Amino acid sequence: MAVGLMVESQGDGKYSGKMTPFVIFSCMMAAMGGVIFGYDIGISGGVTSMEPFLKKFFPEVYIKMKQDSEISNYCKFDSQLLTSFTSSLYLAGLVASFFASSVTKTFGRKPSILIGGAAFLTGSALGGAAINIYMLILGRMLLGVGVGFANQSVPLYLSEMAPPKFRGAINNGFQFSIGIGGLSASLINFGTEKIKGGWGWRISLAMAAFPATILTLGAIFLPETPNSLIQRNNDPHKAELMLRRVRGTDDVEAEMNDLVKASNVARNTKHPFRKIVERKYRPQLVMAIALPFFQQVTGINVIAFYAPLLFRTIGFGESGSLLSAVMTGAVGAFSTFISMLIVDKFGRRALFMAGGIQMFVSQIMIGGVMAAKLGDHGGVEGEGFAYMVIVLIGVYVAGFGWSWGPLGWLVPSEIFPLEIRSAGQSITVVVNFLFTFIVAQTFLAMLCHFRAGIFFFFGGWVVVMTAFVYLFLPETKNVPIEKMDEVWKSHWFWKGFVGPAEDRKI
């Protein structure tokens, strides 16, 4: 049995076009949606380790951290109110994603990106000016609305604008932008923590307005994708003019014919959320749910949200914890950049599996060191072991950065046919936010109860997800986005659902 059969594109060769400056500039601007997401992830983890911030909004956590010598290292930050601050964004983003799907389909990718930038901008202003916990969490929820709209529309925009043979690199730019946003946030946290007077956290939160402003203003000038133009306006001529500009050639007849065919099917689809549960879309629906779920149970948000708190748990001070978060952020951004360079050469499956192995090994080693060397009180026994944990976390972040991080957004954005594309991406974002919310809301309690075993827990999930990719995910590199149905018809398992009637499973 040919497990995970690779399918090379039979259609890419008939598509003309090249990577044009127009596409590069448009995608760079749209990818700022990733920067706002990454910035928020980095900022929320950093400010929650700043003592003035904790003292003002979460005094019970501050008291446990500074004065309670009886409480376990693993339980010092266990607070439902503190996790609510982090996770409220993802709950708001989950709800916003449903509205974003309708906006993206009806009005286009560009308006959805614009709404996302404007909502995030408003939320950053509220967060920076917060005087109580209610104002702080309201700001977080507006940030969530912004991220919900951006995450729904930006990956689609990138996949539709990119030439098929460069789609992996272009779409991975979204995760690279998330990494740049997170790294920027960590650097700002490291600097603002040193401000005398204890108000540096306000700068950290308010600075989110900078990438949000760029995204909002840039979205005004973004071109709409040819796919969206033909889907919404039924104007093949206008879509063809944009396609010629995007591909840098007048020879776009083959791709345009596929767009027209896809658009005709999409126009007759009145209820895409009902459509996507049909049998012939079963593989896309499974991937829309499984991939974002697995992306979150890698345990990456253990690091992304709570890295400074985790580093404080193993014995580093406030500045040292924030500096360590900067280092892991830099590793994540660099590894995602490497993924951009190699994903269209080696394919999605190879990176998924290699990254999974790398994450599993590093998580098991981190859990082993912490179980052996970190007790309930004091830091890690031996400074060398503390630095070893940091190095291993860096190895883990690198594995995620060039595999499940970018590919968890890339693959769902490229596999849906046009008639269910907005609905499918919405499901992907909702599942991502739902499990991000669950992990963010429960992690500190899990850390308190599981202690070092938390890394073995997530390591077990990495084994499951790597096996899932090996068995059920076909290769999608170089396949034109409107010809993606071919990969399912050729797959050993999914062809029973989408292939000829006589081959379908009962």
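Index from 1, following the sequence. Model, not experiment: these values are computed from the prediction.
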### Query
Any side-chain donor paired with an acceptor under 3.5 Å for Ser422 and Ser101?
no

### Query
Are the ring centres of Trp461 and Phe360 closer than 6.0 Å?
no

### Query
Are Phe58 and Phe53 close enough that their ring centers fall under 6.0 Å?
yes

#### Entry: Plane angle bin for Phe273 and Phe98 - parallel if under 30°, tilted between 30 and 60°, otherwise perpendicular
tilted

### Message
Parallel, tilted or perpendicular: which one describes the rings of Phe176 and Phe337, with boundaries at 30° and 60°?
### Response
tilted

### Query
Side chains of Ser97 and Asn151: is there a donor and an acceptor less than 3.5 Å apart?
no

### Task
Assess the side chains of Thr476 and Glu414: does a donor N or O sit below 3.5 Å from an acceptor N or O?
yes

### Message
Are Phe497 and Trp488 an aromatic pair, judged by ring center distance below 6.0 Å?
### Response
no

### Query
So is Arg232 actually on top of Phe107's ring, under 6.0 Å and inside 45° of the axis?
no

### Carboxylate-amine/guanidinium contact Lys275 Glu419, below 4.0 Å
no

### Task
Tell me whether the centres of the aromatic rings in Phe294 and Phe468 are closer together than 6.0 Å.
yes

### Message
Regarding Gln152 and Thr104, do their side chains bring together a donor and an acceptor under 3.5 Å, going by distance alone?
### Response
yes

### Nearest heavy-atom neighbours spanning Leu351 and Ser403
O-CB, 3.0 Å

### Message
Tell me which one of Gln284, Lys280, Glu482 satisfies side chain to side chain contact (heavy atoms under 4.5 Å, CB included) with Pro417.
### Response
Gln284

### Query
Taking all non-hydrogen atoms of both residues, which atom of Asp344 and which atom of Gly168 are closest, and how far apart?
OD1-N, 3.1 Å

### Donor-acceptor pair, side chain of Ser177 and main chain of Met32, under 3.5 angstrom
no

